[in-house]
Participant: 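Dropping a structure here in structure tokens format, bear with me for questions.
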Amino acid sequence: MTITEPTETGKRPSRITAAQLRDAGATRRPRMARVKIRIGAILTALVVLPVALAGLLPLPGSTEQDLGSRRLPPLTDGHLFGTDQLGRDLLARVLDGGQVSILIGVLAVLVSGLIGLTAGAAAGYFGGWCDAVISRLLEAQMSLPLLMMLLLVVALFGPSVPVITAVIAIAQWPEVARLTRSMVLVEREKPYVDAARTLGLSHRGVLFRHLVPNVVRQTSLVVLLLLAQAVLLESALSYLGAGPERPFATWGRLISDGQDYVTTSWWLVTLPGLVIVLLVVGVNLLGDGLRDTVRGTKKGVAA
């Protein structure tokens, strides 16, 4: 089958076939972006919805022990994920721990996004000493070993939920600030900014009424991608014993508690780890798909 194109005398066949048009990069990228969004949304929903609805599901309490049912394999006696070394339902433990891990991740990316958006926008718009100070802070923090810095701060201030949330937020704000700064540097040179200044709008008004709304969409996609990193950081801290103190059953602590039984009770480590993988992969695919969609939209508008 060939594609016809109009001419002055009518229509004539084109050398570009329908298969070539379908496989072209310009048409393949939007299609792949939609596939990423759908798969990412499904994987994310498989984790987030059960965690959010954990209190409504017919599951035993996450702290209810039954020493006679210790380390039951999955799909045994009504335990979908099996039981742990104290006879507690592993699925209930995973969902309960997910509430803590996802809550810390969401709060951390919101705080880091707010700090990074404000600092990056100020550095990009005002420039001068403001840009120099913020840029040096970015470089200094990004030169430090991330996990070691997190462990040090948690050891100094204690492994509470607010402290871990603040630590992860402070660790992630440079990513948002760098992107925001680069976009504001481009936006501030556009004619609408000069028009706003000519009309007498203050620098603060130009920044927060015009520049920030124009860059917040792209920044929010980076914040979404940072959610996966925040969950991984919290899980790593919990695995190393620096996570929220008990009785919080975070995903990292579940893996740490079950690693002594990995050769005999594989589900204690594998299933919580699989839940983390599903969430991280789902969020990354969703963020990548949305970013590709935004880029395609901007290119279409520019064209």
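Keep in mind the model is a prediction, meaning the values are calculated, not measured.
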Participant: Is a donor on one side and an acceptor on the other found under 3.5 Å between the side chain of Glu64 and the backbone of Arg88?
Facilitator: no
Participant: Heavy atoms only: give me the nearest Ala92-Ser62 pair and the separation to one decimal.
Facilitator: O-CB, 3.8 Å
Participant: Please report the interatomic distance OG1(Thr293) to CZ(Arg34), rounded to the nearest 0.5 Å.
Facilitator: 8.0 Å
Participant: Out of curiosity, does Ile102 fall in the hydrophobic cluster containing Ile255 (side-chain heavy atoms, cut-off under 4.5 Å, transitive links)?
Facilitator: yes
Participant: Check whether any side-chain heavy atom of Val35 lies under 4.5 Å from a side-chain heavy atom of Arg38, and answer yes or no.
Facilitator: no
Participant: Can you tell me how far the OG atom of Ser112 sits from the CG atom of Leu226, to the nearest 0.5 Å?
Facilitator: 5.5 Å
Participant: Looking at every heavy atom in both Val161 and Ile104, which two are closest together, and how far apart are they?
Facilitator: CG1-CG1, 3.9 Å
Participant: Val100, Leu232: one ILVMFWY side-chain cluster at the under-4.5 Å cut-off?
Facilitator: yes
Participant: Do Leu75 and Leu59 belong to the same hydrophobic cluster, where Ile, Leu, Val, Met, Phe, Trp and Tyr are linked whenever their side-chain heavy atoms lie under 4.5 Å apart, directly or via other members?
Facilitator: yes
Participant: Show your working on side chain to side chain contact (heavy atoms under 4.5 Å, CB included) between Leu271 and Val275 and close with a plain yes or no.
Facilitator: CA-CA 6 Å; Leu271 295 181; Val275 172; 5.8 Å; no
Participant: So which heavy atom on Gln141 is nearest to which on Ala171, and how close?
Facilitator: NE2-CA, 3.3 Å
Participant: Main chain of Asp260, side chain of Gln85: is a donor-acceptor contact present, judged purely on distance under 3.5 Å?
Facilitator: no
Participant: Report the relative orientation of the aromatic rings in Tyr192 and His210; use parallel for angles under 30°, tilted for 30 to 60°, perpendicular for over 60°.
Facilitator: tilted
Participant: Could you check whether atom CZ of Arg209 has more than 12 heavy atoms from other residues, nucleotides or ligands sitting under 6.0 Å from it?
Facilitator: no
Participant: Would you name the heavy atoms of Ala230 and Gln172 that are closest together and state the gap between them?
Facilitator: N-NE2, 3.3 Å
Participant: Please round to the nearest 0.5 Å and tell me the distance separating atom CZ of Phe81 and atom CG of Leu72.
Facilitator: 15.0 Å
Participant: Can you name the nearest heavy-atom pair linking Val215 to Met183, along with the distance?
Facilitator: O-CE, 3.5 Å
Participant: The test is side chain to side chain contact (heavy atoms under 4.5 Å, CB included); show your working for Leu199 and Leu201 and say whether it passes.
Facilitator: CA-CA 6 Å; Leu199 293 174; Leu201 199 63; 5.7 Å; no
Participant: Do the non-hydrogen side-chain atoms of Arg181 and Asp131 ever get within less than 4.5 Å of each other?
Facilitator: yes
Participant: Quick check for you: to the nearest 0.5 Å, what is the distance between Tyr261 atom OH and Trp267 atom CH2?
Facilitator: 12.0 Å
Participant: Set out, in order, the CA-CA distance, both residues' side-chain angles and the distance that settles side chain to side chain contact (heavy atoms under 4.5 Å, CB included) for Leu290 and Leu286, then state yes or no.
Facilitator: CA-CA 6 Å; Leu290 291 173; Leu286 184 59; 4.2 Å; yes
Participant: Heavy-atom count around Arg204 CZ within 6.0 Å, excluding the residue itself: above 12?
Facilitator: no
Participant: Quick one: do Val231 and Tyr239 end up in the same hydrophobic cluster if we chain Ile, Leu, Val, Met, Phe, Trp and Tyr together by side-chain heavy atoms under 4.5 Å apart?
Facilitator: yes
Participant: Show your reasoning for whether side chain to side chain donor-acceptor pair (under 3.5 Å) applies to Ser135 and Glu139.
Facilitator: CA-CA 6 Å; Ser135 297; Glu139 295 171 359; 5.8 Å; no
Participant: Please evaluate residues Asp288 and Arg291 with respect to the criterion salt bridge (charged side-chain N to carboxylate O under 4.0 Å, His left out), reporting the C-alpha separation (whole Å), side-chain torsions for both, the decisive distance (0.1 Å), and the verdict.
Facilitator: CA-CA 5 Å; Asp288 285 342; Arg291 182 174 57 187; 2.7 Å; yes
Participant: According to side-chain hydrogen bond (donor to acceptor under 3.5 Å, both in side chains), who are the partners of Asp66, at least two apart in sequence or on a separate chain?
Facilitator: Ser69
Participant: For Phe126 and Leu207, run side chain to side chain contact (heavy atoms under 4.5 Å, CB included): C-alpha distance rounded to whole Å, both residues' side-chain angles, the deciding distance at 0.1 Å, then the answer.
Facilitator: CA-CA 9 Å; Phe126 293 108; Leu207 184 60; 4.0 Å; yes
Participant: Taking side-chain contact (heavy atoms from CB on, under 4.5 Å) as the criterion, tell me which of Leu114, Leu117, Leu138 meets it with Trp173.
Facilitator: Leu138
Participant: Are Val111 and Val212 co-members of a hydrophobic cluster defined by side-chain heavy atoms under 4.5 Å apart?
Facilitator: no
Participant: Working to the nearest 0.5 angstrom, can you tell me the gap between Arg93 CZ and Leu91 CG?
Facilitator: 12.0 Å
Participant: Might you point out which heavy atoms bring Ala169 and Ala108 nearest each other, and give the distance in Å?
Facilitator: CB-O, 3.4 Å
Participant: How many angstroms lie between atom CG of Asp89 and atom CG of Asp96, to the nearest 0.5 angstrom?
Facilitator: 11.5 Å
Participant: Please answer whether the main-chain N or O of Ile115 pairs with a side-chain N or O of Thr118 as donor and acceptor at a distance below 3.5 Å.
Facilitator: no
Participant: Mind checking whether Val193 and Arg197 have side chains closer than 4.5 Å, heavy atoms only?
Facilitator: yes
Participant: Would you say the side chain of Phe208 lies within less than 4.5 Å of the side chain of Ser202, judging by non-hydrogen atoms?
Facilitator: no
Participant: I'd like to check Val47 versus Leu43 (side-chain heavy atoms, cut-off strictly below 4.5 Å). Are they in contact?
Facilitator: no
Participant: Is a side-chain N or O of Thr83 found less than 3.5 angstrom from the main chain of Arg71, in a donor-acceptor match?
Facilitator: yes
Participant: Could you tell me whether a side-chain N or O of Ser265 sits under 3.5 Å from a main-chain N or O of Leu268, the two making a donor and an acceptor?
Facilitator: no
Participant: For Gly87, does its backbone N or O pair with a side-chain atom of Arg70 as donor and acceptor, under 3.5 Å?
Facilitator: no
Participant: Is a side-chain donor or acceptor of Thr180 paired with a backbone partner of Ala177 at a separation under 3.5 angstrom?
Facilitator: no
Participant: Mark yes or no for whether Ser101, through its side chain, and Gly98, through its backbone, hold a donor-acceptor pair below 3.5 Å.
Facilitator: no
Participant: Side-chain contact test, heavy atoms from C-beta onward, threshold under 4.5 Å: evaluate it for Leu150 versus Leu237 and give yes or no.
Facilitator: yes
Participant: Looking only at side-chain N and O atoms, does Glu234 offer a donor or acceptor that is under 3.5 Å from a partner on Trp251?
Facilitator: no
Participant: Decide yes or no for Met32 and Asp292: does some side-chain heavy atom of the first lie under 4.5 Å from some side-chain heavy atom of the second?
Facilitator: no
